[in-house]
Amino acid sequence: MTDSPAEKKKIVLSGIQPSGVFTIGNYLGAIKNWAEIQEQYDCVFMVANLHATTVRQDPAALRKNTIDGFAMLLAAGVDPKRSIVFIQSHNPHHTQLMWALNCFTQFGELSRMTQFKDKSARYADNINAGLFTYPTLMAADILLYQADLVPVGADQKQHVELARDIVNRMNGVYGNLFTLPDCLFPKAGAKIMSLADPTKKMSKSDANPKSFVAVLDPKDTVIKKFRSAVTDSGSGIYRAPGKEGIGNLMTIYSAFTGKTDEEITAEFDGKGYGDFKTAVGETVADALAPIRERFAEISADKAYLRACWESGCEAAQRLSGRTLNKVYKKVGFLP
Ligand code: AQP
């Protein structure tokens with residue numbers, strides 16, 4: 001991170017939940033982009049394991065997914081020397097700031113969050129307070145690091161807007177406590193849909209493993225999953241209503257090859273869905289191969305991995321501590 005005002009870059013904060021193994025949706029929609037923006041911004045990236053527990057997690061699986069998720073960020077090109085990379089639960093400032101923010105957030109505001117409404121419908125037997133206050137924890141994540149920009153999909157925009165409302169409210173009462181954050185939207189075309197139901201987002205916590213391709217899936221599994229992807233019963237590789245499955249495969253193929261829709265349609269002119277699916281599978285598997293190899297190397301070096309998350313946590317706490325101290329003092333908590 002740069003400290004001198006002449007070099008001051010904007011600060012970016014982003015996180016990913018270890019709620020499963022990372023999919024190509026997570027890779028294309030988030031992690032790949034994180035590796036790319038490190039040059040331009042001062043970045044803070046975290047494995048958001050606190051957020052993951054708003055839904056029931058098996059403790060052993062959560063531990064494994066947290067470690068694997070951290071290793072995956074490094075394998076995909078997030079550089080722990082250049083960016084701050086850490087595990088959310090290692091920094092207690094997040095939950096400490098969250099308390100202060102909770103007291104400046106209205107029940108009505110949290111009730112209006114569409115993700116809360118969606119998730120309460122999906123997990124109707126476990127509508128816990130954590131699910132309800134998820135947006136104030138997310139606001140704490142952002143505000144602790146005085147982030148200028150938050151890379152998010154459209155589904156998270158409402159949460160960043162709530163963080164902005166909290167900033168305006170608390171800055172209005174206490175003076176200049178927090179930077180007002182903005183969304184940083186990824187380039188178009190990054191939303192990857194489920195291979196089992198192309199009208200649904202590909203998700204790592206989907207109970208059907210055929211619905212997603214994990215970054216760590218071996219080559220034959222990747223090809224098999226693409227070959228069994230749900231498509232329509234027609235022919236022709238182009239986008240049209242009713243051909244959402246083919247459209248999704250085109251999005252994925254395009255993201256990994258840089259080819260346009262027209263180029264893809266021309267490349268597969270006269271060929272069947274089977275040929276296209278195999279080509280997508282092989283392309284994706286080959287593109288992921290170097291990441292899988294780096295992941296295996298990094299994961300084998302447990303001491304290196306631990307050293308990375310410990311130094312990441314120290315750097316994170318150095319920054320977040322400044323904000324937390326300022327807030328606690330202003331609110332009236334004794335030092
Ligand atoms: N299908 C997707 N296409 C593009 N981007 C995606 N992201 C997730 N799925 C896709 C992006 O990945 C980042 C991390 O997401 P997250 O783990 O914080 O939560 P999520 O969006 O809820 O991801 P999942 O995989 O769907 O997790 P579960 O199954 O636990 O709900 C975000 O930047 C997100 O946009």
Side-chain angles (χ1 to χ4, degrees), residues 1-3 5 8-15 17 41-46 48-51 53-54 84 86-117 119 128-185 313-335:
M1 303 277 282
T2 49
D3 257 347
K8 190 130 181 58
K9 293 177 179 173
K10 286 196 167 170
I11 298 175
V12 164
L13 177 286
S14 205
Q17 300 179 64
Y41 302 113
D42 277 340
C43 297
V44 183
F45 298 125
M46 61 175 187
N49 56 345
L50 297 176
H51 284 285
T53 55
T54 54
I84 294 178
F86 71 105
I87 295 167
Q88 189 186 25
S89 65
H90 284 168
N91 184 356
H93 298 162
H94 291 248
T95 44
Q96 287 176 287
L97 180 62
M98 183 204 190
W99 181 254
L101 304 190
N102 266 345
C103 300
F104 278 82
T105 308
Q106 300 303 305
F107 180 86
E109 288 179 303
L110 292 173
S111 311
R112 284 194 289 277
M113 295 291 124
T114 49
Q115 194 187 73
F116 171 68
K117 292 190 218 165
K119 286 213 167 174
N128 60 73
L131 197 60
F132 189 65
T133 56
Y134 178 113
T136 50
L137 180 58
M138 179 166 156
D141 303 334
I142 300 166
L143 305 186
L144 272 177
Y145 301 95
Q146 305 288 349
D148 300 285
L149 294 168
V150 189
V152 285
D155 57 331
Q156 289 288 340
K157 187 167 170 257
Q158 202 185 19
H159 291 163
V160 177
E161 272 161 12
L162 178 68
R164 289 170 63 88
D165 289 342
I166 297 172
V167 168
N168 287 329
R169 202 167 294 152
M170 291 186 77
N171 282 357
V173 175
Y174 298 118
N176 211 11
L177 277 182
F178 302 120
T179 301
L180 192 64
D182 265 316
C183 292
L184 180 67
F185 292 111
C313 176
E314 269 169 40
Q317 285 199 26
R318 251 194 318 275
L319 267 189
S320 60
R322 289 184 209 156
T323 304
L324 186 73
N325 285 341
K326 197 159 78 167
V327 175
Y328 268 35
K329 202 165 150 191
K330 289 279 186 180
V331 167
F333 295 149
L334 291 173

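- The list of salt bridge (charged side-chain N to carboxylate O under 4.0 Å, His left out) pairs with a residue in residues 130-146, not counting sequence neighbours, is empty.
- Listed by chain and number, the residues in a side chain to side chain donor-acceptor pair (under 3.5 Å) with Thr179 are Gln146 (sequence neighbours excluded).
- Shown here are the side-chain contact (heavy atoms from CB on, under 4.5 Å) partners of Lys10, two or more places apart in sequence or in another chain: Tyr41, Asp148, Leu149.
- At least one donor-acceptor pair under 3.5 Å links the side chain of Thr323 to the backbone N or O of Leu144.
- By the side chain to side chain donor-acceptor pair (under 3.5 Å) test, Ser89 is found to be paired with Asn49, residues two or more places apart in sequence or in another chain being considered.
- Take Ala316 and apply the side-chain contact (heavy atoms from CB on, under 4.5 Å) test, not counting sequence neighbours, and it matches Ile84, Phe86, Asn91, Tyr145.
- In plain terms, the two heavy atoms of Gln317 and Pro92 that are nearest each other are NE2-CD, 3.7 Å.
- Residues that satisfy the side chain to side chain donor-acceptor pair (under 3.5 Å) test with Asn128, not counting sequence neighbours, are Asn126.
- Listed by chain and number, the residues in a side chain to side chain donor-acceptor pair (under 3.5 Å) with Gln115 amount to none (sequence neighbours excluded).
- By the ring pair (Phe, Tyr, Trp, His ring centres under 6.0 Å) test, Phe178 is found to be paired with no residue, residues two or more places apart in sequence or in another chain being considered.
- Atoms CG and CD1, on Leu162 and Ile166 in that order, are 4.0 Å from each other to the nearest 0.5 Å.
- Sorted by first and then second residue, the salt bridge (charged side-chain N to carboxylate O under 4.0 Å, His left out) pairs with a member in residues 90-100 form an empty list; sequence neighbours excluded.
- The structure places CE of Met113 at 9.0 Å from NZ of Lys117, a figure rounded to the nearest 0.5 Å.
- Residue pairs meeting the side-chain hydrogen bond (donor to acceptor under 3.5 Å, both in side chains) criterion with at least one partner in residues 95-104, sequence neighbours excluded, are Asn102-Thr136.
- For the pair Leu110/Thr105, a side-chain contact is recorded, criterion being any heavy-atom separation below 4.5 Å from C-beta on.
- Every residue meeting the side-chain contact (heavy atoms from CB on, under 4.5 Å) condition with Lys330, not counting sequence neighbours, appears here in chain and number order: Tyr174, Leu177.
- When all heavy atoms are compared, the tightest approach of His94 to Leu50 is CB-CD1, 4.5 Å.
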- Test Tyr328 against Leu97 for side chain to side chain contact (heavy atoms under 4.5 Å, CB included), laying out the working first. CA-CA 8 Å; Tyr328 268 35; Leu97 180 62; 5.6 Å; no
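- The heavy-atom pair separating Pro181 from Ala163 by the smallest distance is CG-CB, 4.5 Å.
- Sequence neighbours left out, the pairs with a member in residues 156-170 that pass salt bridge (charged side-chain N to carboxylate O under 4.0 Å, His left out) are Glu109-Arg169, Lys157-Glu161, Arg164-Asp182.
- Using a 4.5 Å cut-off on side-chain heavy atoms (C-beta onward), Cys183 and Gln156 make no contact.
- If you take CG on Leu319 and CG on Asp42, they are separated by 9.0 Å, rounding to the nearest 0.5 Å.
- Here the NE2-SG distance, from His90 to Cys313, works out to 6.5 Å after rounding to the nearest 0.5 Å.
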- Run the numbers on Leu184 and Val150 for side chain to side chain contact (heavy atoms under 4.5 Å, CB included), then give the verdict. CA-CA 5 Å; Leu184 180 67; Val150 189; over 6 Å; no
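- Ring centroids of Phe132 and Phe116 are separated by less than 6.0 Å, placing the two rings close together.
- Judged by distance alone, the side chain of Gln88 and the main-chain N or O of Gly15 form no donor-acceptor pair under 3.5 Å.
- Using a 4.5 Å heavy-atom cutoff, the side chains of Leu143 and Leu101 are in contact.
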